Number of protein chains: 2
Amino acid sequence: MSTPRRMTLKDLARELGVSTATVSNAFNRPDQLSPALRERILGEARRLGYRGPDAKARSLRTGRSRIIAVILAESLTYSLNDAVASELLSGVAEVLDAQGHTLLLLSARQMQSELPGAASMADGYIVYGLMPSQSLLETLPTQAPLVAVDFDVTGRPSIHVDDEHACYTIARHALRRATRRPGIINLRLTAEACNGPIAPDQRLLSAEQTITRSRLTGFYRALDEAGHDPAAVPMWNIEENTFEVCAPVIEPILDLPDDKRPDLLLCVSDRIALTALTLAEDRGLRIPEDLRLTGFDGIAEGQYRAPRLTTVRQDSVEKGRMAARMILGLTPPASSLLSTELLIGDSCP
Amino acid sequence: MSTPRRMTLKDLARELGVSTATVSNAFNRPDQLSPALRERILGEARRLGYRGPDAKARSLRTGRSRIIAVILAESLTYSLNDAVASELLSGVAEVLDAQGHTLLLLSARQMQSELPGAASMADGYIVYGLMPSQSLLETLPTQAPLVAVDFDVTGRPSIHVDDEHACYTIARHALRRATRRPGIINLRLTAEACNGPIAPDQRLLSAEQTITRSRLTGFYRALDEAGHDPAAVPMWNIEENTFEVCAPVIEPILDLPDDKRPDLLLCVSDRIALTALTLAEDRGLRIPEDLRLTGFDGIAEGQYRAPRLTTVRQDSVEKGRMAARMILGLTPPASSLLSTELLIGDSCP
DNA sequence: CGAGCTAACTGAATCGATCCAGACAGCGAA
DNA sequence: TTCGCTGTCTGGATCGATTCAGTTAGCTCG
């Protein structure tokens, strides 16, 4: 005898003797009906256990789902453990949530030729990081807004920090002190997975992505100005920004004999720099006397330790907010470049 | 002249001279039509740019959205930076994704009396962590499946690790060596925010939540067996599992005079233990000679450092997988207790 | 008084699929 | 020949809302 199926707006309308349009207005457009009737409708709804208009039906009718999808280049496992990606997500969530939208999380790693499940009903897409392939983005609904972060998609707005300037600035700072053997540790330089040293001729060729190219350009300009030959500066590549992947690449560098080991390592992420810092300390190297280190990102972990990491702080939360605002149309969509802040710590004073 | 609006299944059917039912079957039930016709339909769809059935319409008709919502007790910012929550999410995502479902992320912190946006169309809910209030869960659709993790919801299945046994085991291990002044650092003991020492009479009273009660019970049993009076063991409370919040509570403990300072700290999370470890090292205390420390969780950060943290490893990824499997109905829904593993490191050998 | 206007409410079309109940053809068996 | 069966395909009701184009009542104003 209890209600066999869920209450619908139509049931409620019949119960009250008004039209469905009026009930709909009671929930969505209070100005379209008298306050008295509205109260009566909402009261009756509560009494009968009607939870408000069904989201599925509404989304079909209006064409909007109030869902924004974030597509992460890396696997979720990786991204969720990455401080920078996490910050971005918080920024996105903060804005979405203030606007009554919700966040759908996808990883490009698991996307096949078809969008999984309900991903295609998102009202907009935020793509973050170096996508394995652009073709993947073609499965997305073409008319939905899309914003790229730390990545470029032709014809779509993208959000970056000013990587070139940031890298130039931090490298210039680092090179103020006499440096014999600078080195660079980069991230995901090549299309194919490859951990370890990179030959000079491979470098810029493979760096098709804006972000990597910009960073190298910044480093090279500073190196050049300081009288170093950029092409002669050794460079190592790391495939994944985690301790476990960084460590085996960094250990051999630190284990080089004193007269071969770099005395300055420019790292493109704090995670890399912190790994190097920890491993160097384990080996009894003095920081910064024997080895100076710089990072990139400005994550908390690098700032709340001794020695504090010299790095460039980028506001990933703000990047996330910005992307979300654009997607929601609160801000006109336009590519933009956020500025960064040089944080001088003890790892490279 | 280009198509004014998106192609629909009906357009495609008209174009091909078949019924909409047949086109629908071509996409969803290959066995319901001849392979030849199916090929023709899919080919034509590709040619005309039809991307497959609209997810919004499908979800209205079928009643299922292929979306599973995860509701996190803490803010997204916090949860995304917490290694344990991140692991849980990866586990959930792994299973969802293999089953063609997607993950909607919600934080209880931002949930009002109404579910935001599209949250109500999820096919199921996974709630994680100590919810600020149970009433919040009443806004969820009652007929949708729900699984609680590290938390209990009356009448619903929940997933926990065997907290009592784990805490008993690690405390027993720690108390094998002579200990003069053990102490306990706990997490979110009280309903109201409160950082710092907890008076003995406040303790179990306020620990309404299963997880906290179980852990304390385990500790107390081991303390009792080792000849300590549990009620006399000092305890501190911490509101948020982050370095920034932990540090100000822990510093005064470490700054106590030698004959007052605990020589063993049982911490309910690795984050707390690691914070204590770092701060203790800063102060020149010897680990484990001057201070022994135990954690809980077994996060990577505690295992890839020197001294390595003594802790209890819980498999949060597996918790996530399990919750997801139950929600999807791959596993019958039933409360369960996962086992843990004692990891003996250098912080408390 | 009657035209004009506004506020309040209604009826029905519509969004784009799914899926049941059947129609029809072809075929083998009785 | 007739019956039943299987394999294909179709028509149309349905999911639960939103929204447009009215209709009606009541009020104002010249």
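To find a chain, count down the sequence lines: A is the first, B the second, and so on, and within it residues start at 1. Only heavy atoms go into these numbers, but all of them, side chains included; no hydrogens, no water, no symmetry mates. What you are looking at is a predicted structure, and each value in this text was computed from that prediction instead of being measured.
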Please round to the nearest 0.5 Å and tell me the distance separating atom CG of A:Asp31 and atom CZ of A:Arg38. 9.5 Å
Check ion pair A:Glu318-A:Arg325 (N to O, under 4.0 angstrom): yes
Grab the CE-P distance between B:Met7 and C:dC15 for me, whole Å please. 15 Å
Starting at CZ of B:Arg64 and ending at P of C:dC19, how long is that distance when rounded to a whole Å? 7 Å
First of B:Thr62 and B:Ala21 reached from the 5' end of DNA chain D, by closest nucleotide: B:Ala21
What's the separation between atom CD1 in B:Ile41 and atom CG in B:Leu33, rounded to the nearest 0.5 Å? 5.5 Å
I'd like to know if the side chain of A:Arg321 and the backbone of A:Ser90 have a donor-acceptor N/O pair within less than 3.5 Å. no
Check whether any side-chain nitrogen or oxygen of A:Ser34 sits under 4.0 Å from OP1 or OP2 of C:dC9, and answer yes or no. yes
Close approaches to DNA chain D from residues 45-57 of chain A, in residue order (heavy atom, under 4.0 Å): A:Tyr50, A:Gly52, A:Pro53, A:Asp54, A:Ala57
Taken to the nearest whole Å, CZ/B:Arg14 to P/D:dC9 is 20 Å
For a quick check of understanding: with a heavy-atom distance under 4.0 Å over all strands, which category does A:Ser59 fall into, base, sugar-phosphate or nothing? nothing
OP1, OP2 of C:dT18 versus side-chain N and O of B:Asn25: anything below 4.0 Å? no
Please report, rounded to the nearest Å, how far the P atom of D:dA17 is from the CZ atom of B:Arg61. 15 Å
Rounding to an integer number of Å, can you tell me how far A:Leu60 CG sits from C:dT18 C1'? 12 Å
What is the distance, to the nearest angstrom, from the CZ atom on A:Arg29 to the P atom on D:dA17? 16 Å
Under-4.0 Å salt bridge between B:Glu74 and B:Arg188: yes
Write down the atom of B:Leu130, the atom of B:Phe151, and the distance for their closest heavy-atom approach. CA-CD1, 3.7 Å
Taking A:Ser65 for the side chain and A:Met121 for the main chain, is one N or O donor matched with an acceptor at less than 3.5 Å? yes
Whole-Å gap separating P (C:dG11) and CG (A:Leu9): 14 Å
How do B:Thr22 and A:Ser19 order along DNA chain C: which one's closest nucleotide is nearer the 5' end? A:Ser19
Between C:dA8 atom P and A:Asp31 atom CG, what is the distance in whole Å? 10 Å
